[in-house]
Amino acid sequence: MANAADFQPVDLIIDTDPGADDVVALLMAMASRDELKLRAITTVAGNVRLDKTSRNARLAREWGGRQEVPVYAGAPRPLVRTPIYAENVHGAEGLPGVPVYEPAAPLAAGNAVDYLVETLGSAEPQSITIAMLGPQTNLALALIKAPEIVHGINQVVVMGGAHFNGGNITPVAEFNLFADPHAAQVVLDSGVRLVYVPLDVTHKVLTSEARLAQIAALGNRAGQLVHGILDEYVKADMLHYGLPGGPVHDASVIAWLLRPRLFSGREVHLSIDTREGPTFGQTIADWYGKTGLPSRVLWLQDGDAQGFFDLLSERLARLA
Ligand code: BDR
Ligand code: CA
């Protein structure tokens, strides 16, 4: 039986494109000092342009009170395709519902891709986890530059993809995969251990008035900020999908790292469609093993919504 002495914090890098739900995920992670050893935050263009995702990541770091965590800016555009953004969902600044301003602390010197190459390249074998909250461009570039760095990675936990749910940017594609499917393909082809947290699960872990009130009632700045962000952010999805509440996609990646038992899924064979056309960016999870191909990706499919919001509230309560 495992005991406290066996417990090892997750050695973690968060790659992200903040983004409303990215900021919630970052705050949740920064509040989890015992379980997550957060080495760095690396930023990528996605929900908005790179300068804004990098500014928002620094804002989240300030709000999380973790100035010692470096923020490295990475890729300003996808590997191959034309850049797309999601300002219609996250607002012009990429962060709805709260005042956005220039944070006190700057970016770290250097580039996120070089940081990944150096850090993963010199890490103990299979030691570092990457929480992948946006397009996978930074890690793909690092793997192209130095394929051997895959050995330093324990697992990559991706918010992205959709199989049973259908897409949120095209009928079949989820935003992060549609924004850079070629990068996702490079990461998949590297053979790294992958966990996918797709829309199939995030569209079941929804806010409600009671859950938002639970966060507001924390009474601290972090609770006020997350309440403000989510209250605004969920409106578009609720309206568009006719959902009773809105998803907080990226925060489920952090929740899975902290409490995997809140989620369930299956090892599947995963295909990513990178062909131009109506299925561009689609993820196909072979849930029933029809292809006979090796099942190497853990694909989450269900989650405990109240358990998630209880965990989020508990973590936010630890912040200022
Ligand atoms: C994903 O796309 C982005 O808009 C969100 O931040 C999340 O990472 C959801 O499809
Ligand atoms: Ca994101």
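Because only heavy atoms are used, hydrogens play no part in the values below, and waters and symmetry mates are left out as well, while side chains stay in.
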Heavy-atom distance under 4.5 Å between the side chains of [X] and [Y], does that happen here?
{"X": "V48", "Y": "E87", "result": "yes"}
{"X": "V201", "Y": "F308", "result": "no"}
{"X": "L319", "Y": "W63", "result": "no"}

Do any side-chain atoms of residues 237-259 form donor-acceptor pairs under 3.5 angstrom with protein atoms, and if so which ones, sequence neighbours left out?
unit_1 : atom_1 : unit_2 : atom_2 : d
H249   : ND1    : T202   : OG1    : 2.8
D250   : OD2    : D22    : N      : 3.4

For residues 293-304, which side-chain donor-acceptor pairs fall under 3.5 Å, sequence neighbours excluded?
unit_1 : atom_1 : unit_2 : atom_2 : d
W299   : NE1    : D200   : OD2    : 2.9
D304   : OD1    : Q306   : N      : 3.3
D304   : OD1    : G307   : N      : 2.8

Inset, instruction - Answer yes or no: is there a donor N or O on one side and an acceptor on the other, between the side chain of H163 and the main chain of A285, under 3.5 Å? - result: yes
Legend entry - N/O donor-acceptor pair under 3.5 Å between N138 side chain and A75 backbone: yes
[X] side chain to [Y] side chain, donor-acceptor N/O pair below 3.5 angstrom:
{"X": "D15", "Y": "Q136", "result": "no"}
{"X": "D17", "Y": "T53", "result": "no"}
{"X": "Q185", "Y": "T274", "result": "no"}

Inset, instruction - State plainly whether one hydrophobic cluster holds both Y72 and I41, where clusters connect Ile, Leu, Val, Met, Phe, Trp and Tyr through side-chain heavy atoms under 4.5 angstrom apart. - result: no
Inset, instruction - Using the test salt bridge (charged side-chain N to carboxylate O under 4.0 Å, His left out), find all partners of E314 that sit at least two apart in sequence or belong to another chain. - result: R318
Legend entry - Test log, rule salt bridge (charged side-chain N to carboxylate O under 4.0 Å, His left out), inputs E209 and R211: CA-CA 5 Å; E209 287 200 11; R211 289 168 183 161; over 6 Å; no
Legend entry - Approximate separation, where rounding is to 0.5 Å, of Q224 CD and L218 CG: 8.5 Å
